[in-house]
Amino acid sequence: MNKLAQDKYQFLPNQCSAESRARLLHDMMQDQELVRQEFLDFARMLAKRGVTSIKDIGFDRHSGLLPVLEELKAAGELPLQVHFALGCLYGCCGRKRK
């Protein structure tokens, strides 16, 4: 990871949590075809190992994964059951976040 990437995404190579990589993940999730293909590759790998159901957690705007999952389900292309829990969509005052 070079200095330009460290400055742009605000994390160091030894910081690998999803929270640390939020800016990078946000940029990556803008490419819906990439998200679709990566998810399908991962799901197929899990299915080959006998996994039939997964659970994931999304926060705020869920980085665009839900529309991909909904599209795959509608097309009958979702290779396993997906349970998706959303984090809080409302601020502490009860107003919907933008």
Side-chain angles (χ1 to χ4, degrees):
M1 186 170 168
N2 63 31
K3 178 78 169 120
L4 181 64
Q6 289 175 10
D7 291 344
K8 180 175 181 175
Y9 297 117
Q10 300 293 302
F11 76 98
L12 300 174
N14 64 344
Q15 299 169 317
C16 293
S17 71
E19 292 81 6
S20 296
R21 296 177 293 124
R23 288 178 179 90
L24 173 61
L25 291 172
H26 178 268
D27 280 1
M28 292 171 64
M29 297 298 277
Q30 301 312 301
D31 183 343
Q32 294 293 294
E33 185 52 38
L34 173 66
V35 172
R36 181 182 186 281
Q37 193 55 55
E38 290 295 324
F39 182 84
L40 283 173
D41 289 348
F42 182 65
R44 288 182 186 122
M45 182 271 302
L46 291 174
K48 285 180 184 178
R49 289 168 170 76
V51 175
T52 61
S53 180
I54 61 171
K55 178 182 175 188
D56 201 353
I57 299 172
F59 297 96
D60 299 324
R61 295 176 188 223
H62 55 74
S63 300
L65 181 57
L66 283 182
V68 171
L69 295 176
E70 290 167 351
E71 177 186 309
L72 290 169
K73 182 179 178 184
E77 297 178 16
L78 203 55
L80 35 87
Q81 292 181 356
V82 178
H83 304 273
F84 205 96
L86 291 176
C88 181
L89 294 175
Y90 295 88
C92 60
C93 62
R95 290 188 313 236
K96 189 166 184 159
R97 293 184 180 180
K98 295 180 182 183

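Basis for what follows: all heavy atoms, side chains included, without hydrogens, waters or symmetry-related copies. Just so it is clear, the model here is predicted, and its values are computed rather than measured.
In this structure, the separation between CG on Leu24 and CD on Gln10 is 12.0 Å, given to the nearest 0.5 Å. Taking CG of Leu65 as the reference point, atom CZ of Phe39 lies at 6.5 Å (rounded to 0.5 Å).
The two residues Arg23 and Tyr9 make their nearest non-hydrogen contact at C-CD2, 3.6 Å.
No donor-acceptor pair closer than 3.5 Å links the side chain of Gln37 to the backbone N or O of Leu34.
Between Gln6 and Pro13, the closest side-chain pair of non-hydrogen atoms falls below 4.5 Å.
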Identify each donor-acceptor pair in which a side-chain atom of residues 66-83 lies under 3.5 Å from a protein atom, sequence neighbours left out, and give them as a table.
residue, atom, partner, partner atom, Å
Glu77, OE1, Arg36, NH2, 2.2
His83, NE2, Ser53, OG, 3.2

Test log, rule side-chain contact (heavy atoms from CB on, under 4.5 Å), inputs Asp31 and Glu33
CA-CA 6 Å; Asp31 183 343; Glu33 185 52 38; 3.8 Å; yes
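At most 12 non-hydrogen atoms from other residues, nucleotides or ligands lie less than 6.0 angstrom from CE of Met28.
Of the charged side-chain nitrogens involved, at least one lies within less than 4.0 Å of a carboxylate oxygen, so that Asp7 and Lys3 count as a salt-bridged pair.
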